[in-house]
Amino acid sequence: MSSLEIVMHDSVNDAQAELWFAEPAGFMALPLDALLAEPDSTDAERMRAAVAPLLNAAPGEMVRQQLVAQLASGQQLLATLCDFGTVHCSIGLHRDDVGGRASSGALPLLSLFTISWRDTNVAPRAVTAARAVTAGDGHTDIVFQELPCGPAVLSETTHRPDADSGLPQQPLLQIHAHLPHPDCKRLAVLTLSTTATARREEYRAILRQVVETVRFEKPLGADS
């Protein structure tokens, strides 16, 4: 039997990190620092170099301008998320293989995973978690859990865009995990969003898999 090799991401040694977690396969983290970098910064230059091949491959100036506009729109969305405390964002792409659907030409399933921080009033962690889903925001399927990182509450919300928003009128399912920090002053909110509402149980299982890996202390110890 061959030995199991575990490769740790460099972020495990990030001195500025306040939360550690692991994502399942199928998610790609967005480089927020690069996407939202100041225009004259090194990160911005790297971003321009990364997208240059895509823009240069455009079949015409109109398509090139459309790509630039889409990138700018995406940057605006990410900036808004960051204004609300988002510190991590990744895109999920999975095959819809429930019941053998993958072989029948089903479309891939897209999702957005975010981690955000919220300041809270000082209170026991279990109380803070409970308050997060009883504020009248339409949370359903509420479940309290004790995780390795402490108490947590999982819940769901469903939203539909306003009719005059110009967005497709598809319901948006959001599955949340509220994890109070040990300092009892803030709350980490992990959210998995998707329009594939028929796969709510599968997405809930994915988020549960993520939150079970969350740690508020460096997993490998202070001296690793």
Test Val153 against Ile142 for side chain to side chain contact (heavy atoms under 4.5 Å, CB included), laying out the working first. CA-CA 7 Å; Val153 170; Ile142 299 170; 3.7 Å; yes
Could you please spell out the steps behind the salt bridge (charged side-chain N to carboxylate O under 4.0 Å, His left out) verdict for Arg64 and Glu61? CA-CA 5 Å; Arg64 187 177 296 109; Glu61 183 61 26; 2.6 Å; yes
Mind checking whether [X] and [Y] sit in one hydrophobic cluster, side chains of I, L, V, M, F, W, Y counted as touching below 4.5 Å?
X      : Y      : result
Phe21  : Leu179 : yes
Leu154 : Val189 : no
Val133 : Leu190 : no
Val87  : Leu187 : no
Tyr203 : Phe113 : yes

Closest heavy-atom contact between [X] and [Y]?
X      : Y      : result
Val211 : Ala177 : CG1-CB, 3.4 Å
Ala126 : Pro151 : N-CG, 3.8 Å
Ala22  : Thr213 : N-OG1, 2.9 Å
His94  : Gly26  : NE2-CA, 3.8 Å

Go through the steps for Arg200 and Thr158 under the test side chain to side chain contact (heavy atoms under 4.5 Å, CB included), then give the verdict. CA-CA 11 Å; Arg200 63 190 334 115; Thr158 303; 3.8 Å; yes
Check whether NZ of the Lys or CZ of the Arg Arg186 lies under 6.0 Å from the centre of the six-membered ring of Trp117 and within 45 degrees of that ring's axis. yes
Atom [atom1] in [X], atom [atom2] in [Y]: separation rounded to 0.5 Å?
X      : Y      : atom1 : atom2 : answer
Leu173 : Thr195 : CG    : OG1   : 9.5 Å
Leu109 : Glu202 : CG    : CD    : 9.0 Å
Leu93  : Met28  : CG    : CE    : 9.0 Å
Cys149 : Trp20  : SG    : CH2   : 12.5 Å
Glu156 : Thr197 : CD    : OG1   : 10.5 Å

For this output row, return yes or no: ring centroids of Phe144 and His178 closer than 6.0 angstrom.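 No, the ring centres sit 6.0 Å or more apart.
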Looking at side-chain heavy atoms only, is the closest gap between [X] and [Y] below 4.5 Å?
X      : Y      : answer
Arg204 : Val143 : yes
Thr120 : Arg125 : no
Cys89  : Leu112 : yes
Ser193 : Leu172 : yes
Glu23  : Ser90  : yes

Checking Asp96 against Arg199 for the salt bridge (charged side-chain N to carboxylate O under 4.0 Å, His left out) test, could you report, in this order, the C-alpha distance in whole Å, the side-chain angles of both residues, the deciding distance, and whether it holds? CA-CA 9 Å; Asp96 188 0; Arg199 296 288 170 255; 2.9 Å; yes
CZ of Arg118: more than 12 outside heavy atoms within 6.0 angstrom? no
Other residues, nucleotides and ligands only: do more than 12 of their heavy atoms fall within 6.0 Å of CG on Asp183? yes
Quiz question: by atom type and distance under 3.5 Å, do the side chains of Thr86 and Ser116 form a donor-acceptor pair? yes
When you check the side-chain N and O atoms of His176 and Ser155, is any donor under 3.5 Å from an acceptor?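 Absent: no donor and acceptor within the cut-off.
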Donor-acceptor contact present, side-chain Thr157 to main-chain Gly138, <3.5 Å: no
Can you name the one residue among Arg208, Glu212, Arg215 that meets side-chain contact (heavy atoms from CB on, under 4.5 Å) with Leu147? Glu212
Please lay out, stage by stage, how His139 and Gln174 fare under the test side chain to side chain contact (heavy atoms under 4.5 Å, CB included). CA-CA 10 Å; His139 290 271; Gln174 292 189 300; over 6 Å; no
Applied to residues 57-85, the ring-ring contact (aromatic ring centres under 6.0 Å, His included) test, sequence neighbours excluded, yields none
Verdict with reasoning, Leu19 to Ile115, per side chain to side chain contact (heavy atoms under 4.5 Å, CB included): CA-CA 10 Å; Leu19 178 151; Ile115 298 179; 4.2 Å; yes
